[in-house]
Amino acid sequence: MNKLLSISLCALAFALLACGDDYLIDKDSPKLKQYVYSAPDGFNGDVATYYDPVTDLYVEQGQTIKFFAGYSAGAHIYTDETLQAYYNGLLWKIGESSYNLNSFRYTFLTPGEFDGSLETTDFYGDTLHTDFKIYVNTPNSITLESPKNGYNQASPDDDQELTLEWSVSGIDPWEKARCQIYMSYDPDSVWLSPLGSADCNAPATLKGSLIQTYDSIAQQAISAFDSSFTLYWGAKLFVKNESDREYRDSTEIFHFSTRILDSTSTLKIPLVYNRYRNHTLLQTKVYLIASNGDTLQTLTNELPSNTLVTKVEPQKGLKIFLEESYLKEYASESLTVDIPAYTVFTTDTVVFKDQIPPQIAPVNTQVLYSDSLAFYIYDDGSGINASMLQVIMDFDTLKFNYQSPTLKFYRSCISTCKLSIIGEDNSRNSLPNVYWVIENVPGYRFITGPFSNEGY
């Protein structure tokens with residue numbers, strides 16, 4: 001009997017020992033609580049210390065978020081596996097995706113509203129369930145629509161009504177949007193000149209005399225030449241979600257002009273010489289040619305950036321031909337336009353471009369041994385970019401002096417050397433990819449070439 005009693009007591013003791021932890025949890029443990037935490041992808045640390053539990057989560061499209069399951073069985077919240085003995089399993093749901101990890105990363109690729117939840121079965125078999133909402137922001141934008149940029153038929157009358165239109169996108173149902181309109185006679189001060197707020201989803205109407213509305217500035221802006229003036233305008237979009245985070249976007253700056261009272265219209269031709277750094281004279285000639293081939297006017301310009309202004313009769317098919325008289329590497333340009341009556345008509349900006357490579361040649365092919373070697377660099381366009389010049393003899397980079405159009409340097413050569421001169425003009429057209437051979441003879445140096453570097 002004693003032996004049997006001993007075995008039974010041992011078995012009972014073993015059973016109690018094997019379930020000892022469960023017994024303690026069942027009898028003494030406080031109730032388990034769960035929490036949902038989130039943090040940016042790069043976050044490291046104890047998330048419960050730095051963030052509050054999630055109820056609603058606002059994220060950006062393409063943003064990656066770390067989710068953490070938090071648990072407490074007392075005062076402290078743990079987001080690691082410290083309290084894992086208190087629950088049997090967990091299940092996350094983010095939209096249509098499911099996870100059974102304490103923490104994981106999720107990238108939100110699609111904008112919209114999504115449901116999230118965390119469900120945990122605790123040691124007693126009870127289910128803990130937490131729901132939360134995820135709002136993925138659609139990128140916001142605003143674009144001007146009307147009047148079209150460059151519109152030139154705005155009424156100068158006191159009773160004018162000009163419709164201002166724009167389009168917005170990316171306003172989510174949980175967001176509130178407002179639009180602010182800006183307008184000025186000075187393109188550099190548009191964003192300093194708010195006109196007023198407007199409904200983002202409806203056009204606005206500018207009523208009354210534009211001159212009266214902006215009288216102090218307008219009188220300075222009106223051109224005595226054409227009795228017209230130009231207004232510059234833009235709009236900004238402000239979007240705020242329920243967490244008070246605000247997003248902003250702004251439009252390009254558009255402009256519109258009033259039509260003139262004189263039936264003879266005004267033609268404006270903006271022009272610019274691309275990457276012009278030359279110090280020589282310019283002379284632009286602009287020919288206005290009617291559709292029947294008659295030359296109506298010839299205009300001239302001497303500035304690298306300018307707007308030519310002239311009066312023309314209303315007509316269709318007016319050809320504008322522009323050429324540079326002095327710097328022949330700037331190619332001629334032309335455009336054809338229709339000129340309405342009562343109009344200040346501004347063409348697209350004409351851009352003169354230099355697309356012709358500069359050339360190089362030795363000043364002399366036979367040079368005294370005591371003299372410098374000299375080369376002419378020819379450029380009839382934007383000018384040579386001296387900072388990009390290099391003179392290389394064999395494998396040495398040499399010092400040189402460049403005074404347009406002559407490049408000079410001195411370097412002795414024992415017998416025969418290879419010379420390369422590398423550079424480009426201000427329009428980034430490179431010097432030819434060639435080299436010369438320098439040959440020494442008693443008292444002289446001879447230059448032969450150029451020879452192609454291709455395949456050398």
Side-chain angles (χ1 to χ4, degrees), residues 139-171 175-240 246-260 265-272 274 303-309 342-351:
N140 311 118
S141 68
I142 181 169
T143 306
L144 297 184
E145 298 286 346
S146 179
K148 296 293 185 182
N149 196 24
Y151 177 72
N152 53 24
Q153 294 294 299
S155 171
D157 300 328
D158 291 348
D159 59 351
Q160 73 82 31
E161 293 188 3
L162 183 66
T163 301
L164 305 178
E165 295 182 86
W166 51 87
S167 62
V168 298
S169 62
I171 311 302
E175 294 177 323
K176 294 181 179 179
R178 65 183 180 90
C179 289
Q180 182 79 35
I181 310 304
Y182 298 79
M183 190 171 291
S184 174
Y185 287 89
D186 178 8
D188 295 328
S189 63
V190 170
W191 301 122
L192 302 176
S193 309
L195 182 63
S197 295
D199 184 345
C200 290
N201 297 307
T205 302
L206 201 58
K207 296 183 178 181
S209 171
L210 298 173
I211 299 178
Q212 291 177 0
T213 305
Y214 300 95
D215 189 61
S216 61
I217 306 175
Q219 294 302 327
Q220 302 173 19
I222 296 174
S223 166
F225 188 84
D226 52 39
S227 299
S228 174
F229 61 94
T230 300
L231 275 163
Y232 300 84
W233 72 294
K236 289 185 178 181
L237 170 66
F238 301 87
V239 180
K240 184 177 287 189
E246 187 172 78
Y247 303 88
R248 300 185 180 192
D249 188 47
S250 59
T251 67
E252 298 178 67
I253 293 176
F254 276 19
H255 69 276
F256 61 87
S257 302
T258 58
R259 64 175 181 265
I260 58 179
S265 296
T266 297
L267 174 64
K268 294 184 177 182
I269 309 170
L271 60 88
V272 63
N274 185 52
L303 300 174
S305 179
N306 197 12
T307 297
L308 302 181
V309 183
Y342 307 103
T343 298
V344 177
F345 186 90
T346 302
T347 70
D348 292 337
T349 300
V350 177
V351 181

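Heavy-atom basis, side chains included; hydrogens, waters and symmetry copies ignored.
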**Side-chain (Thr251) to main-chain (Ala235) donor-acceptor, under 3.5 angstrom** = yes

**Request:** Using atom types as modelled and distance alone, determine if a side-chain donor or acceptor of Asn152 lies under 3.5 Å from a backbone N or O of Val344.
**Result:** yes

**Prompt:** Do any N or O atoms from the side chain of Asp249 and from the backbone of Leu237 form a donor-acceptor pair under 3.5 angstrom?
**Reply:** no

**Prompt:** Are any of the side-chain heavy atoms of Tyr182 and Lys236 separated by less than 4.5 Å?
**Reply:** yes

**Message:** Would you say the rings of Tyr185 and Tyr232 are close, in the sense that their centroids are separated by under 6.0 Å?
**Reply:** no

**Main-chain N/O of Cys200 paired with Trp166 side-chain donor or acceptor, under 3.5 Å** = yes

**Message:** If only side-chain N and O atoms count, and only distance matters, is there a donor-acceptor pair under 3.5 Å linking Glu161 with Thr205?
**Reply:** no

**Side-chain donor/acceptor of Thr258 to backbone N/O of Phe229, under 3.5 Å** = yes

**Request:** Could you tell me which non-hydrogen atom of Glu252 sits nearest to which non-hydrogen atom of Leu144, and how far apart they are?
**Result:** O-CD1, 3.5 Å

**Request:** Report the residues that fulfil salt bridge (Lys or Arg N to Asp or Glu O under 4.0 Å) with Arg248, sequence neighbours left out, ordered by chain and then residue number.
**Result:** Glu246

**Prompt:** Would you say Ser250 and Trp191 make side-chain contact, with heavy atoms under 4.5 Å?
**Reply:** yes

**Message:** The criterion is side chain to side chain donor-acceptor pair (under 3.5 Å); which residues satisfy it with Thr349, sequence neighbours excluded?
**Reply:** none

**Request:** Return the set of residues passing side chain to side chain donor-acceptor pair (under 3.5 Å) with Asn201 (not counting sequence neighbours), or none when no residue passes.
**Result:** none

